[in-house]
Amino acid sequence: MQIRPSTSFTSSTPAFTADASRNRILESLPPAERAAIRAVGKAIEFKKGQRVFAAHERFTHVYFPETCAFSLVTDLRDGNSVESGTVGSEGFMGLPVLYGSDSWAQRTIVQVPGRAFEVESKKFMEILPTLPVLSAMLNRFSLAYIAQISQTAACNSQHSIMQRCARWILLTHDRVGAREIQLTQEFLAYMLGVRRPSVTVAQAQLKKSGLISYTRGKMQIMNRKGLEAMSCECHETLRREFSMLDRAAVA
């Protein structure tokens, strides 16, 4: 695929948050609400690939990712798996709890290692009615997350592995903010639901085009604008959806 000039989002900075070391939802809260939610939780560190929740496992805690990112994985009976959604510093892990359930059908693992803010589910639901801005932001995040799942399904069925690979790298960069991402070809193939040789070819082309560098399980973003041009429209669509969180914060 030939790299063409980007006609949409061209900023070299991450799209979801100006400070990927903090959770966007929590940092957008009024000071009193932020202090209230911080008082009932704690920071916790996650390792890459760590299981957070098994499919149908009870959500005992909810999480606001700060420097980590989670992947929701759908497992099929034939043994294949594919990433169906991701949550990073822009969002919240715990939607089943928010809507009166305690589990969902997807398995949740750590995509990018790092820190999250953890709150016990029971304490979270007790305090949430007293936090109107947080409630509004979580409702808006829910809509953005549904849009992400729908867009990902369309992307997986309609776009090339090259485009999907670029989109996945961009979304991960948005959430992490760092130029370097810990990423093996095996993990990326697993997340995209394709065979490793397909990812190897795609990454080799991205590297040859000067968009990324890759060595020993670590990838560096060399040309973000070029990656945006290589990606399908799905990255820009999702960027717009999550930017709506800002409106919920000031509503």
Answer yes or no: is there a donor N or O on one side and an acceptor on the other, between the side chain of [X] and the main chain of [Y], under 3.5 Å?
| X | Y | result |
| --- | --- | --- |
| Ser121 | Thr60 | yes |
| Glu33 | Val133 | yes |
| Arg107 | Asp75 | no |

Once you round to the nearest 0.5 Å, how far does [atom1] of [X] lie from [atom2] of [Y]?
| X | Y | atom1 | atom2 | value |
| --- | --- | --- | --- | --- |
| Asn139 | Met137 | CG | CE | 11.0 Å |
| Ile37 | Leu29 | CD1 | CG | 8.0 Å |
| Arg167 | Thr237 | CZ | OG1 | 11.0 Å |
| Ile212 | Lys218 | CD1 | NZ | 15.5 Å |
| Leu227 | Leu211 | CG | CG | 5.0 Å |
| Ser231 | Gln163 | OG | CD | 7.0 Å |

Could you pull out all residues at least two apart from Phe53 that satisfy ring pair (Phe, Tyr, Trp, His ring centres under 6.0 Å)?
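Checked Phe53 against ring pair (Phe, Tyr, Trp, His ring centres under 6.0 Å); matches are Phe59.
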With sequence neighbours left out, what residues match Phe92 under ring pair (Phe, Tyr, Trp, His ring centres under 6.0 Å)?
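Only Phe64, Phe124 meet the ring pair (Phe, Tyr, Trp, His ring centres under 6.0 Å) criterion with Phe92.
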Does any part of the side chain of [Y], heavy atoms only, come nearer than 4.5 Å to the side chain of [X], both counted from C-beta?
| X | Y | answer |
| --- | --- | --- |
| Phe141 | Leu98 | no |
| Cys232 | Gln158 | no |
| Ile109 | Phe70 | no |
| Glu45 | Cys68 | no |
| Arg115 | Arg22 | yes |
| Ile127 | Val119 | no |
| Trp104 | Leu72 | yes |

Give a yes or no on whether a salt bridge exists between [X] and [Y], defined as a side-chain N under 4.0 angstrom from a carboxylate O.
| X | Y | result |
| --- | --- | --- |
| Arg224 | Asp174 | yes |
| Glu57 | Arg51 | yes |
| Arg24 | Glu90 | no |
| Glu126 | Lys123 | no |

Are [X] and [Y] grouped together when hydrophobic residues (ILVMFWY) are joined by side-chain heavy atoms under 4.5 angstrom apart?
| X | Y | value |
| --- | --- | --- |
| Val40 | Leu134 | yes |
| Tyr99 | Leu128 | yes |
| Leu143 | Leu138 | no |
| Val194 | Tyr214 | yes |

Looking only at heavy atoms, which two atoms of [X] and [Y] are closest? And how far apart?
| X | Y | answer |
| --- | --- | --- |
| Ala116 | Phe46 | CB-CE1, 3.8 Å |
| Ser81 | Val73 | CB-CG1, 3.7 Å |
| Thr86 | Glu83 | CG2-OE2, 3.0 Å |
| Met162 | Met230 | CG-SD, 3.8 Å |
| Pro65 | Met93 | CD-N, 4.5 Å |
| Cys165 | Gln203 | SG-CG, 4.3 Å |

Go through the steps to decide whether Glu233 and His159 satisfy the test side-chain contact (heavy atoms from CB on, under 4.5 Å), and finish with yes or no.
CA-CA 10 Å; Glu233 72 268 24; His159 296 144; 3.7 Å; yes
Pick out which of Ile25, Ile44, Asn23, Leu26 makes a side chain to side chain contact (heavy atoms under 4.5 Å, CB included) with Phe117.
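Single pass found, and it is Leu26.
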Partner of Trp168 by side chain to side chain contact (heavy atoms under 4.5 Å, CB included), out of Val199, Leu188, Thr152
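That would be Leu188.
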Show, in sequence, the C-alpha distance, side-chain angles and deciding distance for Val110 and Lys47, and conclude whether the side-chain contact (heavy atoms from CB on, under 4.5 Å) test is met.
CA-CA 7 Å; Val110 179; Lys47 298 179 180 179; over 6 Å; no
Please lay out, stage by stage, how Val52 and Tyr63 fare under the test side-chain contact (heavy atoms from CB on, under 4.5 Å).
CA-CA 10 Å; Val52 184; Tyr63 298 96; 4.0 Å; yes
